[in-house]
Amino acid sequence: MEIQSLKGRDILAIADFSGEELQAVLKLASQLKSGEKKPQCQKILGLLFYKASTRTRVSFSAAMYQLGGQVLDLNPSVTQVGRGEPITDTARVLDRYLDILAVRTFKQDDLQTFADYAQIPIINALSDLEHPCQILADLQTIHENFQQLSGITITYLGDGNNVAHSLILGGAMMGMKVRVATPQDYQPDPAIIAQAQAIAAEGAEIILTDNPIEAVEGSQVLYTDVWASMGQEDLADARIPIFQSYQVNEKLLSHADPDAIVLHCLPAHRGEEITNEAIEGKHSRVWDQAENRMHAQKALLVSLLGL
Ligand code: CP
Ligand code: NVA
């Protein structure tokens, strides 16, 4: 059942998958969701989260329990991690107890240190650079709605952040037309754009703009995220006027394809990056998207554990 090439690997970024592996994980996610496949295991997943989480924590836990495995919540406040035990030591110790470890942290380099010092698979459960697990669920949700990814036009609006980075990379790998509308000073990391262009599948497009209306013209997927990510809370108020015209609302939606879907990784700030009408309206697929976190991450666990 497993995707052989992924067994034992680390997934620290969405481009740690090849295009074929990404497609295979998405297919497995849909087979797990439908019940066509029901793998079982007796493995232990550790969750070491330096930042808050509802969806990632609970969807990983539910997925692992459904697989028959166990989950250990290694919150820094109840482990020696919070008292400054080095990652190099923590990683080697956890490696001896666990079968797989998901880490939510700030610096991508810290994830790399976990991966370097632990032999078990390490999963990026969100860093300041990327959120690959989120994008698995997003791509699954888009495919469910359009029965394809290649050629689909997606517009990301708002801050060029971790979610935007993984979405740009994943979209490019799947041959999607990715438009990114941000204020000039909040564009995605140029290194991510260069990487996305280098690994883009045939037909993929990546367009950066500061014009939100042009960016959503005829688009099939509108996607947004918070304007200030975890760790940037003190910047939130100052950003509101800068990002206001990038808000996903009914007016902006009227420029999109009539069958466009609206996605948000959640948690959402209604009235800021998205209106209540847009998130609760008929175009919204955010609850399916949140559910798919569980199926997509189950597929990831099955693949990395070689079940
Ligand atoms: N979308 C997402 O990762 O949500 P959490 O922060 O609740 O895990
Ligand atoms: N960009 C957000 C995503 C939260 C799931 C953050 O990093 O806080």
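Bear in mind the structure is a predicted one, so any value in this text is a computation, not a measurement. Remember, it's 1-based here, ligands and their atoms both numbered in the order they're listed.
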NZ/NE/NH1/NH2 to OD/OE distance under 4.0 Å, Lys33 and Glu144
yes
Please say whether more than 12 non-hydrogen atoms of neighbouring residues, nucleotides or ligands are located less than 6.0 Å from CD in Glu250.
yes
Atom indices of ligand 1, in the order listed, that fall short of 4.0 Å to a heavy atom of Thr54:
5 (P), 7 (O), 8 (O)
Given Asp159, Asp185, Asp234, the one that forms salt bridge (charged side-chain N to carboxylate O under 4.0 Å, His left out) with Arg239
Asp159
Might you confirm whether atom OH of Tyr186 has over 12 heavy atoms from other residues, nucleotides or ligands at distances under 6.0 Å?
yes
Of the protein's non-hydrogen atoms, which lies at the shortest distance from atom 2 (C) of ligand 1, and what is that distance?
Arg293 NH1, 3.3 Å
Say whether Arg104 and ligand 1 are in contact under the criterion: heavy-atom distance to a ligand atom below 4.0 Å.
yes
Consider every N or O of His131 and every N or O of ligand 2, then say whether any pair is closer than 3.5 Å.
no
Output yes when Asp128 and Lys51 qualify as a salt bridge under the 4.0 Å nitrogen-oxygen rule, no when they do not.
yes
Does ligand 2 come near enough to Asn162 that some N or O of the ligand is less than 3.5 Å from an N or O of the residue?
yes
Are a donor atom and an acceptor atom from the side chains of Asp288 and Thr141 found within less than 3.5 Å of each other?
no
Please confirm whether Leu266 comes under 4.0 Å of ligand 2, counting heavy atoms of the residue only.
yes
Check this for me, if you would: do Lys251 and Glu277 make a salt bridge, where the nitrogen-to-carboxylate-oxygen distance has to be below 4.0 angstrom?
no
Evaluate Leu266 for polar contact with ligand 1, using N/O atom pairs at a separation under 3.5 Å.
yes
Contact check: Arg57 vs ligand 1, nitrogen or oxygen atoms, below 3.5 angstrom
no
Logged contact type for Gln134 with ligand 1, heavy-atom cut-off 4.0 Å, is side chain
How far is atom 3 (C) of ligand 2 from its nearest protein heavy atom, and which residue and atom is that?
Asp225 OD2, 3.6 Å
Only heavy atoms of Met230, strictly under 4.0 Å: list the atoms of ligand 2 that pass.
6 (C), 7 (O), 8 (O)
Inter-residue atom distance Arg179.CZ - Leu208.CG, 0.5 Å rounding
12.5 Å
Ligand 1 N/O within reach of Cys265 N/O, cut-off under 3.5 Å:
yes
Tell me: protein heavy atom nearest atom 4 (C) of ligand 2, and distance?
Leu126 CD1, 3.8 Å
Tell me whether Glu280 is salt-bridged to Arg270, with the criterion being a basic N under 4.0 Å from an acidic carboxylate O.
yes
Any atoms of ligand 1 less than 4.0 Å from a non-hydrogen atom of Arg55? List them with their elements.
1 (N), 2 (C), 4 (O), 5 (P), 7 (O), 8 (O)
Check ligand 1 against His131 and write out every atom of the ligand that is under 4.0 Å from a heavy-atom position of the residue.
2 (C), 3 (O)
Residue pair Thr209 / Ala215: nearest heavy atoms and the distance that separates them
CG2-CB, 3.8 Å
